[in-house]
There are 2 protein chains.
Amino acid sequence: MTKQRRTIIRVLSESEDHPDVEDVHTRAKQLDPKISLATVYRTLRLLEEAHILKCHDFGDGKSRFEEALTHHHHLIDQKTGKIVEFYDERIETLQHTIAKELGYKLVDHRLELYGVPWEQEKET
Amino acid sequence: MTKQRRTIIRVLSESEDHPDVEDVHTRAKQLDPKISLATVYRTLRLLEEAHILKCHDFGDGKSRFEEALTHHHHLIDQKTGKIVEFYDERIETLQHTIAKELGYKLVDHRLELYGVPWEQEKET
DNA sequence: CTAGCTGCAAAACATTTGCATTTCG
DNA sequence: CGAAATGCAAATGTTTTGCAGCTAG
């Protein structure tokens with residue numbers, strides 16, 4: 001448990017959004033200016049493997065991280081890029097049912113909705 | 001409409017799986033040995049933008065492609081890497097409902113299930 | 001003290017791009 | 001012919017790694 005790891009954990013626990021690695025590095029440097037990008041990468045991977053963080057890929061080529069405190073999914077606002085978190089028991093149940101119907105035990109799942117604010121369906 | 005593009009389209013329409021770019025390039029070279037990787041990348045992007053192909057990211061860092069003939073989702077077998085395709089109206093409906101409840105019009109969505117064959121839930 | 005972590009710079013990937021050349025229509 | 005596509009190699013962006021020095025316990 002080094003100073004750098006504590007710093008990175010703190011950055012994530014103080015983040016309300018879904019920062020990418022660069023973001024985490026920038027925020028971490030605020031607290032410890034000489035922390036390196038490699039350490040950020042290594043620590044994030046470590047924390048993800050320990051199921052302390054969740055890693056997402058929202059379509060841009062970057063990995064975004066958040067604490068794995070609660071299980072939830074994301075709706076990405078195509079207009080503004082805003083990310084709305086949600087949890088819905090009906091989805092959870094249905095996914096287990098479907099997996100079972102296909103002969104599988106559900107181990108994990110990924111769900112992302114992409115939407116535009118209602119009443120605003122014009123294209124770019 | 002060049003020979004290379006025809007070749008790449010043919011490769012995809014003859015593929016039953018979800019090849020990554022390297023796979024497509026390898027298969028295309030069978031038909032036209034001097035086709036370049038850059039052309040494969042350019043053409044795949046083009047076909048995706050034309051909604052002729054769908055691009056997926058199943059967790060390894062590679063883009064995998066398939067024809068966009070039918071709307072469906074994927075269950076990835078964690079044991080064997082096998083990909084099972086499925087379509088379920090209940091999921092479709094529910095996703096629209098949830099988006100609407102959050103104040104959004106659903107434009108697109110991504111769903112992947114990760115599972116292990118039933119009766120075989122041991123870890124690696 | 002010493003196993004394990006860090007920082008740095010270099011390497012490894014997947015993907016994109018500039019440009020001279022070729023091809024399609 | 002002229003616009004658009006190709007091939008090559010170099011560039012890009014993200015993530016990983018080798019290694020010497022530093023740190024926590």
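Here is how names work: the chains are called A, B, and so on, in the same order as the sequence lines, proteins then strands, and each is numbered from 1.
For A:T2, the side-chain atoms get nearest to D:dA24 when compared with the rest of D:dA24, D:dT15, D:dG7. Listed nucleotides D:dT14, D:dT17, D:dA9 differ in distance to A:K62; the shortest reach to its side chain belongs to D:dT14.
A:E66 has its side chain out of reach of A:S15: every pair of non-hydrogen atoms, C-beta onward, lies at least 4.5 Å apart. Between B:K3 and B:D32 there is a side-chain heavy-atom pair separated by less than 4.5 Å. At least one side-chain heavy atom of B:R5 sits under 4.5 Å from a side-chain heavy atom of B:L46. At least one side-chain heavy atom of B:H71 sits under 4.5 Å from a side-chain heavy atom of B:H73. In this structure, B:F65 and B:D23 have side chains that are not in contact, with every pair of non-hydrogen atoms separated by 4.5 Å or more.
Note: NE2 (A:H56) to P (D:dT14) measures 19 Å, nearest angstrom. Here D:dA4 presents its P atom at 13 Å from CG of B:L46, a figure rounded to the nearest Å. For A:L37 and D:dT15, the CG to C1' distance is 9 Å, given to the nearest whole Å. Summarising the geometry, the separation between CG on A:D57 and P on D:dT14 is reported as 13 Å, rounded to the nearest angstrom. The NZ-C1' distance, from A:K3 to D:dA24, rounds to 13 Å in whole Å. For A:R6 and D:dA24, the CZ to C1' distance is 9 Å, given to the nearest whole Å. Between the CZ atom of B:R45 and the C1' atom of D:dA5 there is a distance of 14 Å, given to the nearest Å. If you take CD1 of A:I35 and C1' of D:dC22, they are 15 Å apart, rounded to a whole angstrom.
Think of the region where chain A sits on DNA chain C: with heavy atoms and a 4.0 Å cut, that region ends 5' and 3' at C:dC5 to C:dC8.
Dashed line: the shortest gap from a side-chain N or O of A:S63 to OP1 or OP2 of D:dT14 is not under 4.0 Å. Of the side-chain N and O atoms in B:R5, one or more sit less than 4.0 angstrom from OP1 or OP2 of D:dT6.
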With side chain to side chain donor-acceptor pair (under 3.5 Å) as the criterion, how do A:E112 and A:H56 come out once you've worked through the C-alpha distance, each side chain's angles and the decisive distance to 0.1 Å? CA-CA 10 Å; A:E112 282 140 40; A:H56 301 281; 5.0 Å; no
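Of all heavy-atom pairs between B:H25 and B:I35, the closest is NE2-O, 3.1 Å.
Using a cut-off of 4.0 Å between Lys/Arg side-chain N and Asp/Glu carboxylate O, A:E101 and B:R90 are scored as salt-bridged.
Comparing B:E22 and B:Q4 by the nucleotide of DNA chain C that holds the closest heavy atom to each, the one mapping nearer the 5' end is B:E22. The nearest heavy atom of DNA chain D to B:A38 and to B:M1 marks one nucleotide each, and the one closer to the 5' end goes with B:M1.
Within 4.0 Å (heavy atoms only), B:R42 reaches at least one base atom of the nucleic acid.
B:T43 contributes no side-chain N or O that, together with a main-chain N or O of B:V40, makes up a donor-acceptor pair within less than 3.5 Å.
Using the six-membered ring where Trp is involved, A:H74 and A:H18 have ring planes that are perpendicular, over 60° apart on the 30 and 60° scheme.
Fit an axis to the five pairs at each end of the helix from C:dC1-D:dG25 to C:dG25-D:dC1 and the two axes sit 30° apart, to the nearest 10 degrees.
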